[in-house]
There are 2 protein chains.
Amino acid sequence: MIPSAASGSAAGSAASPSGASPSGGGKPSRRDQILAAAAELFAQHGFRGVGIDDIGAAVGITGPALYRHFRSKDAMLGEMLTGISEYLLAGGTERVGRTGEADEILAGLVRFHVDFALQQPALITVHERSLASLADEDRRRVRRLQRQYVEVWVTALRTAVPRLDEPHARSAAHAVFGLINSTPHNRHLPHEDLAELLTRLALGALYAAK
Amino acid sequence: MIPSAASGSAAGSAASPSGASPSGGGKPSRRDQILAAAAELFAQHGFRGVGIDDIGAAVGITGPALYRHFRSKDAMLGEMLTGISEYLLAGGTERVGRTGEADEILAGLVRFHVDFALQQPALITVHERSLASLADEDRRRVRRLQRQYVEVWVTALRTAVPRLDEPHARSAAHAVFGLINSTPHNRHLPHEDLAELLTRLALGALYAAK
DNA sequence: ACAGGAGGTTAGCGTTCACTAACTTCGTCC
DNA sequence: GGACGAAGTTAGTGAACGCTAACCTCCTGT
């Protein structure tokens, strides 16, 4: 059971980038409903702080029924995190593959990450908090995807700001991820204002790097 | 028991800002040893992912012996988080109370937070991840301290950058916390280089805010 | 010398929790 | 119209874990 203040309805509006299947238009499959609800709960209480029964209840079924859809609780987290990592890497790779000015590419990359963080704050939270709870194999896979995503940023950043050496660029990338991923703590501003602010802040930071 | 890759010795070198007691010079008390070891473990595995026996083992005693020093596992986390929050608020308040240019005050605030994040990456991690695991009363207290700390930043920021309205300033503060608190993911650069980089990035971001 | 308390030990209790087993329900296809 | 499989239910099992109880071992002060 979840201990403290768990207000009304969970299950946010799982928009486009939820991992894999719901890329089409139709209503989300049961699997995806479950993943969305679990993401919300994991973000609020941590992976270990959420029980099987809690996840079931969030989609209107009992706990054990989840095992008709997932092999284990670990597998749910695994699917969630690899989905996010693959989405980010694919989107990032696609952006840097475009032709254009280096500055525009970098700005596009920033905006892509900002949009994701704004649309999926729960996934962002889980992504950066629950790596430790992953099964070994999944963790290796997610780590590799994350490293590749960082490399995408490093090359884009060093093209736009050539004075940066690789270690500084890598650290700057991590720092800007932290900046953008602050969306879960940022409930004060209207969506679009926040998107613009975060984009400005991120680019301001990156171009200030030495 | 902690499941996966838990390498050698935990218990980092608990430097100055560890909360309360070890402010003097002498060897840290048992309590503080335990808090330091627990912080490291909580950062790596999450509060719920660490057992009483793990914490005990990290300081060379058995699990139940911890109850000679703390009322409960929750109380350990509570003391840890309120200690951090109080340290940050006190340090921040002291900084903005100094006389000087608004820009210098803001830079000092940034540098203060950067130094803390660099010296205590484990505490930073726990501070931003494990709020949900806190007992109700402790959570309220920590939340209030955090809000006050944000307010310190907001006023310093708006003095230095008057065009910012309050909501934008608040969001920018949260974003910059995220940036600075990325230190746990930043193992690539020498300590001092990273401190300088993060300070530049943070100030670059803040002055880019609109 | 020894009383007492601080700080450690092992054994065990009760609860929580992931997962399984066995059974039910219901829509779909031939 | 009945076989079947997908998706749900309740009951239960075994392990993990927080914490307590009871006991031991010193160090310290009088």
Side-chain angles (χ1 to χ4, degrees), chain A residues 1-4 6 11 21 26-39 41-42 44-81 126 130 132-138, chain B residues 1-4 6 11 21 26-39 41-42 44-81 126 130 132-138:
Chain A
M1 245 293 183
I2 290 175
S4 55
S21 327
K27 64 202 164 218
S29 70
R30 205 78 225 240
R31 275 182 77 86
D32 296 318
Q33 284 182 48
I34 294 170
L35 280 181
L41 290 171
F42 291 166
Q44 284 175 43
H45 307 280
F47 177 70
R48 290 228 167 65
V50 176
I52 278 298
D53 290 341
D54 300 318
I55 304 172
V59 296
I61 61 180
T62 60
L66 295 173
Y67 292 88
R68 300 289 165 195
H69 304 277
F70 296 92
R71 267 188 13 263
S72 67
K73 193 188 165 197
D74 283 349
M76 286 173 52
L77 183 64
E79 198 159 314
M80 209 154 86
L81 292 192
V126 177
S130 296
S133 303
L134 268 184
D136 288 10
E137 195 190 343
D138 283 331
Chain B
M1 242 295 185
I2 291 176
S4 54
S21 327
K27 66 203 164 217
S29 71
R30 205 78 224 242
R31 273 182 79 84
D32 297 319
Q33 284 182 46
I34 294 169
L35 280 181
L41 291 170
F42 292 166
Q44 284 174 43
H45 308 281
F47 178 70
R48 290 229 166 66
V50 176
I52 278 298
D53 291 341
D54 299 319
I55 304 172
V59 296
I61 61 180
T62 60
L66 295 173
Y67 292 88
R68 302 287 168 194
H69 304 277
F70 296 93
R71 270 188 12 264
S72 65
K73 192 189 167 197
D74 284 347
M76 286 174 50
L77 183 64
E79 198 159 314
M80 208 153 88
L81 292 193
V126 177
S130 296
S133 303
L134 223 43
D136 287 10
E137 196 190 339
D138 283 332

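None of the values given here were measured: they were computed from a predicted structure. In what follows, every chain begins at residue 1, and chains take the letters A, B, ... in the order their sequences are listed.
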*Phosphate oxygens OP1/OP2 of dT9(D): is one of them under 4.0 Å from a side-chain N or O of Thr62(A)?*
yes
*Considering only side-chain heavy atoms of Arg30(A), which listed nucleotide, dA21(C), dG8(D), dA18(C), is closest?*
dG8(D)
*Got a sec, which residues hit side-chain contact (heavy atoms from CB on, under 4.5 Å) with Arg68(A), two or more places apart in sequence or on another chain?*
none
*Please state how far atom CZ in Phe47(B) lies from atom P in dA16(D), giving the value in whole angstrom units.*
19 Å
Kindly give the atom pairs (protein nitrogen or oxygen, nucleotide nitrogen or oxygen) under 3.5 Å for nucleotides 22-27 of chain C.
unit_1: dA22(C); atom_1: N6; unit_2: Arg68(A); atom_2: NH2; d: 3.4

*For the pair made of CD1 in Ile52(B) and P in dG18(D), what is the distance, rounded to whole Å?*
6 Å
*Of all the nucleotides listed (dA18(C), dG8(C), dT10(D)), which has the minimum atom distance to the side chain of Ala65(B)?*
dG8(C)
*Pairing residues for Asp53(B) by the side-chain contact (heavy atoms from CB on, under 4.5 Å) criterion, not counting sequence neighbours*: Pro64(B)
*Do Asp54(A) and His45(A) come close enough that some side-chain heavy atom pair is under 4.5 Å?*
no
*Does Arg30(A) use its side chain to pair, donor to acceptor, with the backbone of Val59(A) at less than 3.5 Å?*
yes
_Value in whole Å for how far the P atom of dT16(C) lies from CG of Asp74(B)_ = 14 Å
*Would you say a side-chain N or O of His69(B) is under 4.0 Å from OP1 or OP2 of dG8(C)?*
yes
*Would you confirm whether Asp138(B), through its side chain, and Ala135(B), through its main-chain N or O, come within 3.5 Å as a donor-acceptor pair?*
no
*State, yes or no, whether a side-chain contact exists between Leu134(B) and Phe47(B) at a heavy-atom distance under 4.5 Å.*
no
_Length of the line joining Phe70(B):CZ and dA6(C):P, which is rounded to integer Å_ = 16 Å
*First locate atom NE2 of His69(A), then atom CD of Gln33(A), and finally report the distance between them rounded to the nearest 0.5 Å.*
9.0 Å
_Separation of dA18(C) P from Ile55(A) CD1 (nearest whole Å)_ = 8 Å
*Starting from P on dT20(D), measure out to NZ on Lys73(B) and report it in whole angstrom.*
14 Å
*Mind calculating the distance between CG (Leu66(A)) and C1' (dC17(C)) to the nearest angstrom?*
13 Å
*Provide, to the nearest angstrom, the distance between the CG atom belonging to Leu77(A) and the C1' atom belonging to dA18(C).*
15 Å
